[in-house]
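In what follows, a structure is listed as structure tokens, so that the remarks can point back to it.
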Amino acid sequence: MSKNKFPPKKRPTADLDSGPVYLYGLHTVRAALDNARRKKRTLLATPNALNRLRENGPIPSLPIEEKTPRELDALLGTDAVHQGVALEVDPVDRLRLTDVEKLDLVIALDQVTDPHNVGAILRTACAFGADAVITTARYAPRETGVLAKSASGALDLIPLVEVRNLGETLETLKEKGLLCLGFDSEAEGLLKSRPAGQKLAIVLGAEGKGLRQKTRSLCDEMVRLDMPGPIKSLNVSNAAAIALFAATAGRL
């Protein structure tokens with residue numbers, strides 16, 4: 001069974017769409033079922049998928065509708081890899097920075113809007129034991145099945161913090177002792193491993209335009225990944241994975 005890393009919070013978020021969304025895929029739905037913060041409406045599943053869900057934990061008390069794969073395709077779209085299960089939910093409330101008790105390793109995203117990238121970053125952050133992923137209130141994707149599927153359950157396992165002013169947030173993180181590392185493929189300094197105990201905020205910008213100038217100016221260091229090949233930049237979610245590995249290697 002999934003183990004949620006953060007407790008329930010009651011703060012409503014008016015900025016998110018108010019209607020329910022569909023999460024799909026076995027890992028994604030299992031994590032959502034286990035998340036006490038998540039309001040679940042209806043579980044839609046094939047008999048086989050329902051049995052597989054029950055193998056990894058109990059099903060909460062909620063309406064269950066038996067569906068065929070074709071019916072789920074019609075509901076979610078033929079491109080959705082649903083594995084025979086979908087869960088109708090309300091979007092989970094975004095957290096404030098003050099809601100997160102431990103802030104030793106965080107990822108801050110500066111106007112990264114692609115839900116595939118944000119979902120993949122959530123998954124990577126969860127895998128490396130990050131304490132939170134921070135997004136801006138504007139220019140960030142809302143919760144969708146695509147984002148949740150890309151996160152493979154991490155959307156319900158790691159705090160997703162929404163802030164209105166990223167600059168003020170970086171200042172707050174620095175006051176809490178975190179070193180803010182901004183990433184740019186043109187930066188002079190190379191990313192290197194950090195000693196155990198160093199608190200880090202990894203700051204990543206959107207593909208194409210990268211970090212905004214104000215964000216860059218507030219980072220303690222601007223660094224780049226050491227890539228000797230002819231391609232010098234990566235998809236932001238791939239860059240996040242390499243950055244987390246390199247930055248935390250000294251802790252192993």
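- Between Val85 and Leu26, the closest side-chain pair of non-hydrogen atoms falls below 4.5 Å.
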task: Using the side chain to side chain donor-acceptor pair (under 3.5 Å) rule, take Thr46 and Asn48 through it: C-alpha gap first, then chi angles, then the decisive distance, then the call.
output: CA-CA 5 Å; Thr46 65; Asn48 181 58; 5.3 Å; no
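- The main-chain N or O of Lys174 is never found under 3.5 Å from a side-chain atom of Lys199 such that the two would form a donor-acceptor pair.
- Two residues are said to be in side-chain contact when any heavy atoms from C-beta on lie closer than 4.5 Å; Val106 and Ile202 fail this criterion.
- With rounding to the nearest 0.5 Å, the separation of OG in Ser217 from CG in Leu170 is 9.0 Å.
- The two residues Leu23 and Ala32 make their nearest non-hydrogen contact at CD1-CB, 3.8 Å.
- Of all non-hydrogen atoms in Gly167 and Leu218, the two that sit nearest each other are CA-CD1, 3.3 Å.
- Across every non-hydrogen atom of Arg212 and Gln111, the tightest pair is NH1-NE2, 3.3 Å.
- Counted within 6.0 Å of CZ on Arg52, heavy atoms from surrounding residues, nucleotides or ligands total 12 or fewer; the atom is thus considered open.
- Side-chain N or O atoms of Asp99 include one that pairs as donor or acceptor with a backbone N or O of Arg96 at under 3.5 Å.
- Closest non-hydrogen pair, Leu105 versus Phe128, comes out as CD2-O, 4.1 Å.
- At distances below 3.5 Å, at least one donor-acceptor pair connects side-chain atoms of Lys40 with backbone N or O atoms of Asn35.
- In this structure, Glu168 contributes its side chain and Asn165 its backbone to no donor-acceptor pair below 3.5 Å.
- The minimum heavy-atom distance between Arg41 and Pro63, with the atom names listed, is O-CD, 3.1 Å.
- In this structure, OG1 in Thr42 is found 9.5 Å from NZ in Lys67, a value given to the nearest 0.5 Å.
- A heavy-atom distance below 4.5 Å is found between the side chains of Arg30 and Ile59.
- Phe183 has its side chain within reach of Val223: a pair of non-hydrogen atoms, C-beta onward, lies under 4.5 Å apart.
- From Tyr139, atom OH reaches atom CG of Leu166 across 14.0 Å, with rounding to the nearest 0.5 Å.
- Judged by distance alone, with hydrogens and angles left aside, the side-chain atoms of Thr28 form a donor-acceptor pair with the main-chain N or O of Ala148 at under 3.5 Å.
- The shortest distance between side-chain heavy atoms of Glu221 and Leu179 falls below 4.5 Å.
- The pair Asp184-Arg224 does not meet the salt-bridge criterion, since no charged nitrogen lies less than 4.0 angstrom from a carboxylate oxygen.
- Atoms CZ and OG1, on Arg138 and Thr135 in that order, are 13.5 Å from each other to the nearest 0.5 Å.
- Residues Ile64 and Val89 fall within the same hydrophobic cluster, defined by Ile, Leu, Val, Met, Phe, Trp and Tyr side chains chained together at heavy-atom separations under 4.5 Å.
- Residue Leu50 holds its CG atom at 10.5 Å from CD of Glu55, rounded to the nearest 0.5 Å.
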- request: Verify side chain to side chain contact (heavy atoms under 4.5 Å, CB included) between Thr144 and Tyr22, making sure each step is shown before the conclusion.
  value: CA-CA 7 Å; Thr144 62; Tyr22 287 100; over 6 Å; no
Derivation of the side chain to side chain contact (heavy atoms under 4.5 Å, CB included) call for Leu191 and Leu181: CA-CA 9 Å; Leu191 174 65; Leu181 294 179; 4.1 Å; yes
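- Ion pairing between Glu143 and Arg38 holds under the 4.0 Å rule for side-chain N and carboxylate O.
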field: Step-by-step side chain to side chain contact (heavy atoms under 4.5 Å, CB included) determination, Leu43 to Val29
entry: CA-CA 9 Å; Leu43 179 62; Val29 170; 3.9 Å; yes
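- Between the side chain of Asp110 and the backbone N or O of Thr215 there is no donor-acceptor pair closer than 3.5 Å.
- Contact record, Thr113 with Ala140: CG2-N, 4.1 Å, taken as the closest heavy-atom pair.
- Side chain of Asp220 to main chain of Cys180: a donor-acceptor pair is present (N/O by atom type, distance under 3.5 Å, no hydrogens or angles).
- Under the side-chain contact (heavy atoms from CB on, under 4.5 Å) test applied with Ile134, the options Leu109, Val161, Ile107, Val203 reduce to a single match, Val161.
- Taking CD of Glu88 as the start and CG of Leu75 as the end, the distance is 8.5 Å to the nearest 0.5 Å.
- Taking 4.5 Å as the limit, every side-chain heavy atom of Ser237 sits out of range of all side-chain heavy atoms of His116.
- Side chain of Ser152 to main chain of Lys149: no donor-acceptor pair is present (N/O by atom type, distance under 3.5 Å, no hydrogens or angles).
- Using a 4.5 Å cut-off on side-chain heavy atoms (C-beta onward), Val236 and Leu204 make contact.
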message: Run the side chain to side chain contact (heavy atoms under 4.5 Å, CB included) test on Leu122 and Leu147 for me, step by step, so that the C-alpha distance in whole Å, both residues' side-chain angles and the decisive distance to 0.1 Å come before the verdict.
response: CA-CA 9 Å; Leu122 282 165; Leu147 188 153; 3.9 Å; yes
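- In this structure, Met222 and Leu211 have side chains that are in contact, with non-hydrogen atoms separated by less than 4.5 Å.
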